[in-house]
Amino acid sequence: MKISELSPEYRQPPLHADLIIDLNKAVSDVESFATSATPPEKLAADFRRILTNLASAASSSSFTEALTVQISRLWNAVVDRANSAALAGSPAALAVEVEAEIRQAAPELLLLVGIPDGVPSAAAKVASFFHRSGLAWLDLGRVDLASACFEKATPLVSAAATEEDRGVLLELNLARARAASDAGDQALAVALLSRSKPLAAASPEGAKSLAQGYLSIGEATLSAKHSNPAVEASSLFTEALDLCEKAASPLGASPRTPPYGGATPKTPNLEGLKRRCLRFLALERLQAQDYEGVLRCIRVSRASMGLEEEHPSIGVMAMRAWIGSGNMAEADKELERLMANALATENLCVSAAEVYLAAAGPEAARKVLIALAARCRAGGAAAAVRVVKQVIDGGGGGIGRARAIAELVSDERVVALFDGPGNTHERGTMHALLWNCGTEHFRAKNYDTSADLIERSMLYVYRDEESRSRRADCFRVLSICHIALQHLDRALEFVNEAYKVEPNIKCAFLKVKINLQKGEEDEAFKQMKTMVGCVDFNPEFLTLTAHEAMSCKSFGVAVASLSYLLGLYSAERPMPMPEVAVLRNLIELLSREPGTEAEILKYSRRAKQRMADLGVESFFGSGIIGGRELNWFADLSWNMGLRASKEKKYNFGAEFFELAAEFFGSSNAECDENRSKVCKALIMAVTIMLNAEELNNFPLSDSDIKKGVEMLSRAGKLLPLISPSVPVASDQLEANNFLYLHTFNSYQLMGRMGTPAHPQQLQLIKNFASSKACTPANLLTLGVTASKGALPNMLAAEFSLKACITTALASQSPNYRVISCALRKLACLAGLQDLNGSKSDAAYDVFQQAYQIVVGLKEGEYPVEEGQWLVATAWNMSCLPLRLHQTKVARKWMKMGLDLAQHLEGMKERIASMQTTFENLERVFGDEPDECSQEEAPKASISGSMSQPVLV
């Protein structure tokens with residue numbers, strides 16, 4: 001019986017059957033990769049599973065020949081997939097990790113099943129495939145996986161038995177060095193390179209590969225920010241050069257050529273590598289600031305090639321080295337050589353020009369820019385922008401640099417670079433650079449330089465519709481610069497041009513500003529009206545106009561602008577400043593000029609009305625700021641009232657004080673100080689009203705009298721706040737003055753009501769006399785006032801004068817001038833009360849009181865003129881009684897005059913004649929009774945010797 005005839009349950013499955021099935025499927029998918037629908041991710045997962053299963057199977061049993069065959073097929077299929085032209089032409093496909101994983105699967109499988117014995121150099125091929133897989137991982141940045149591949153491959157060829165093995169081992173060492181360098185381990189990379197020298201010495205190609213490895217690691221070391229200090233890039237580049245020299249020598253036995261000099265045989269395969277080594281060595285020396293070393297490297301590199309073969313970086317490094325050495329002439333030559341190099345890109349030429357200009361300064365900019373204009377055909381405008389930016393940013397914002405920039409950008413050849421629609425962006429950039437540079441000088445108040453730069457910037461502004469706004473801005477800035485330079489006519493020309501391009505309020509305001517500075521107020525008024533009518537009118541410009549007018553001392557324009565601004569607040573539109581601030585500024589401005597009381601009063605009334613309409617906090621503001629505004633208006637009204645009163649403009653003064661009372665009374669801070677100010681303002685308002693009546697000689701109207709009475713009534717309720725708590729003798733105390741004014745004004749207004757008010761007047765004076773603020777001077781004034789007028793109040797006058805004398809005598813330092821005046825007024829009142837000389841006891845009592853006062857006074861203490869009046873009046877009071885033959889009365893008055901003369905200064909010369917006259921009178925009449933007491937007149941007549949002289 002054949003085995004195939006046995007029943008299935010007796011058949012033994014082949015060993016590793018499942019693995020063989022999986023491998024067979026994977027082989028099919030890989031072999032048909034061009035048409036297979038299996039995605040690479042699924043295929044990579046299958047490989048991972050197969051590798052895991054194979055590893056398990058290898059530990060338990062040996063592989064069968066069938067399995068080995070399948071693995072060999074799979075390896076060949078993977079190799080074909082990796083080497084296929086389709087994948088080789090698609091770097092993106094090779095760059096994915098799954099493809100690298102699939103590629104690595106082939107050598108991994110071979111390691112598991114064992115390297116076939118029948119294949120020539122099988123180990124080297126497996127190692128090479130690991131090397132290629134590792135390079136793929138390196139390209140993907142997976143240094144760990146790449147290093148693992150290299151490390152698996154290295155033992156396969158470590159014996160280096162054949163030339164092929166040595167070649168693969170050299171490639172592995174170079175790849176490991178690259179991986180170590182990518183991982184940042186420069187020391188390991190250098191060690192691997194050094195380990196490869198014996199392998200590379202066998203052939204020129206090996207030496208070339210090792211030189212490339214040294215160059216690659218040197219580049220990485222040069223570009224690393226934190227490289228190992230033990231590894232120097234210069235030594236790596238030197239090693240690379242040495243290897244190039246060895247590779248170029250026959251059998252590698254030629255002596256070493258110094259890296260900085262000496263001729264080397266031209267080897268086409270190595271010449272490019274040597275030039276790269278020299279370039280990077282020059283770069284390393286440039287970074288180390290070894291400028292001579294840089295130039296030596298460049299000389300060696302140039303010795304073997306012409307200008308058409310020279311790498312552009314050579315010229316750049318040579319120029320930088322000459323700059324570092326301070327030789328600007330050679331640097332200039334190198335820059336010219338670079339621009340003549342056809343291989344140099346326009347961007348590189350511009351970058352080199354920027355470096356050169358940073359060292360050479362703005363003086364060389366024009367020459368460089370002209371050269372760039374000839375060199376850069378396509379990007380000439382961009383190159384010009386970069387050069388100008390370098391000159392601007394080159395340090396220092398001096399006027400010399402600005403002038404160099406202005407000359408540079410105004411050259412016709414430079415301006416021509418920006419022609420054409422393709423340079424719109426560059427034109428805008430150039431304009432922006434010059435504009436910003438000009439504004440910096442403007443801020444530094446270098447207005448001449450700023451105007452020059454702004455004017456040159458207009459060369460790069462199109463004259464189309466889209467650029468209208470930019471051109472207008474330039475014209476306006478030019479106008480402002482010339483205003484600052486006081487070139488007012490020139491400034492007016494520019495602002496007129498701006499207005500033609502773009503009419504707006506900014507231009508109108510500049511015209512106002514220019515006219516104000518020229519002193520042409522009429523033109524300024526016209527332009528202000530034009531400004532107000534602009535479509536884009538903004539009230540802020542009226543505020544600016546007011547400030548400008550004030551700085552130019554143009555009072556009329558400033559007032560007009562603020563007045564117009566004030567008229568806009570009723571429109572409920574957004575305003576630049578609060579209405580109260582406009583009023584304050586307007587009043588403050590008006591207060592600086594004489595004769596503006598009516599205008600100030602008008603705007604103060606407006607402030608009061610707006611306060612009533614809007615409320616205190618809504619109009620003045622809340623908090624401390626609002627309180628300050630309110631107090632400012634209150635103080636202003638008070639001060640204006642004082643000023644108007646001092647100038648005898650009583651009609652204005654009274655209303656100002658009335659407004660002050662309203663403002664002080666509107667304060668939210670209900671403190672005693674504010675209430676006392678209200679009281680004082682009300683009293684002052686009535687006082688000024690009465691002064692106006694006296695000055696104008698026109699009686700107050702009934703409404704004014706009523707208003708005055710109401711204000712005094714309000715003030716009377718607040719008087720306790722300013723009344724002194726103790727008696728004060730000083731006449732200068734402010735509280736005394738206001739209490740007196742309240743009494744005096746009340747007395748005056750009562751006098752307008754006729755005689756029925758006499759008792760109230762008397763009581764008013766009595767109340768004041770009993771107050772602690774009463775002074776003799778106040779009582780004297782009240783007494784004099786009460787004795788005057790069409791309807792004098794004699795009782796009030798007599799009381800006031802007597803109280804004056806009593807109060808003055810009771811003080812510690814009596815004021816005898818006040819006392820003497822009160823005595824004179826009181827004597828006059830007493831004489832008016834009884835014109836009958838025989839019954840003048842009231843007058844005599846006054847003189848008797850005066851005599852009692854003057855007795856015992858020091859000389860000069862009693863006013864001389866008042867003392868002379870007392871003596872003369874008392875003596876002359878005897879004239880009428882003598883004519884009426886009332887000798888007793890005459891004798892009494894003559895005796896009073898004689899007694900007063902003996903105690904008063906200035907009467908000593910008259911005492912003798914008075915004494916003689918009095919003695920003659922006594923001798924003639926003796927004890928003869930008065931005529932008024934006899935039925936008949938005396939028979940004898942008075943002789944001339946008995947006549948009384950009159951004292952004057």
Side-chain angles (χ1 to χ4, degrees), residues 19 22-34 36 38-58 63 67-68 70-88 90-116 119 121-158 165 167-169 171-180 182-183:
L19 283 175
D22 290 340
L23 281 173
N24 188 32
K25 184 176 184 305
V27 168
S28 300
D29 290 337
V30 174
E31 287 177 340
S32 60
F33 61 87
S36 175
T38 305
E41 293 80 4
K42 175 67 169 57
L43 192 57
D46 291 341
F47 276 128
R48 286 193 296 271
R49 179 171 50 80
I50 291 171
L51 285 172
T52 302
N53 294 335
L54 282 175
S56 300
F63 293 111
L67 184 61
T68 303
Q70 291 296 330
I71 292 173
S72 299
R73 285 184 56 212
L74 179 59
W75 175 56
N76 293 329
V78 171
V79 172
D80 290 340
R81 179 184 180 91
N83 296 330
S84 66
L87 291 178
S90 178
L94 293 174
V96 296
E97 292 191 7
V98 292
E99 292 296 339
E101 190 173 355
I102 292 171
R103 167 175 283 192
Q104 186 179 348
E108 294 285 356
L109 288 170
L110 289 174
L111 284 181
L112 283 175
V113 302
I115 297 175
V119 179
S121 303
K125 292 179 180 179
V126 174
S128 176
F129 210 78
F130 267 119
H131 171 251
R132 292 172 63 186
S133 300
L135 292 178
W137 286 119
L138 271 183
D139 292 338
L140 293 171
R142 298 296 303 272
V143 179
D144 53 340
L145 296 178
S147 298
C149 288
F150 300 146
E151 290 167 2
K152 289 179 181 179
T154 300
L156 298 176
V157 290
S158 60
D165 290 348
V168 174
L169 183 58
E171 291 178 352
L172 285 171
N173 285 343
L174 294 178
R176 291 181 63 191
R178 176 188 167 189
D182 291 348

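Just so it is clear, the structure is predicted and the values come from calculations on it, not from any experiment.
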A.B. asks: Can I get a per-line list of side-chain donor-acceptor pairs under 3.5 Å for residues 138-151, giving both atom names and the distance, sequence neighbours left out?
C.D. replies:
from   : atom 1 : to     : atom 2 : distance (Å)
Asp139 : OD1    : Arg178 : NH2    : 3.3
Ser147 : OG     : Val143 : O      : 2.9

A.B. asks: Provide the closest heavy-atom pair for Lys152 versus Gln104 in the form atom of the first, atom of the second, distance.
C.D. replies: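 Closest approach of Lys152 to Gln104, heavy atoms only: NZ-NE2, 4.3 Å.
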
A.B. asks: Considering non-hydrogen atoms only, spot the tightest contact between Ala123 and Leu156 and give its length.
C.D. replies: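 Nearest pair, atom of Ala123 first, then Leu156: CB-O, 3.8 Å.
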
A.B. asks: Supply the atom-to-atom distance Arg48 CZ to Glu108 CD, rounded to the nearest 0.5 angstrom.
C.D. replies: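 If we round to the nearest 0.5 Å, Arg48:CZ and Glu108:CD are 12.5 Å apart.
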
A.B. asks: Looking at Ser128 and Ala124, would you say the former's side chain and the latter's main chain have a donor-acceptor pair under 3.5 Å?
C.D. replies: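 Not confirmed, Ser128 side chain does not pair with Ala124 backbone.
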
A.B. asks: Closest approach of Leu135 and Ala175, non-hydrogen atoms and distance?
C.D. replies: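 In terms of heavy atoms, the two residues are closest at CD2-CB, 4.2 Å.
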
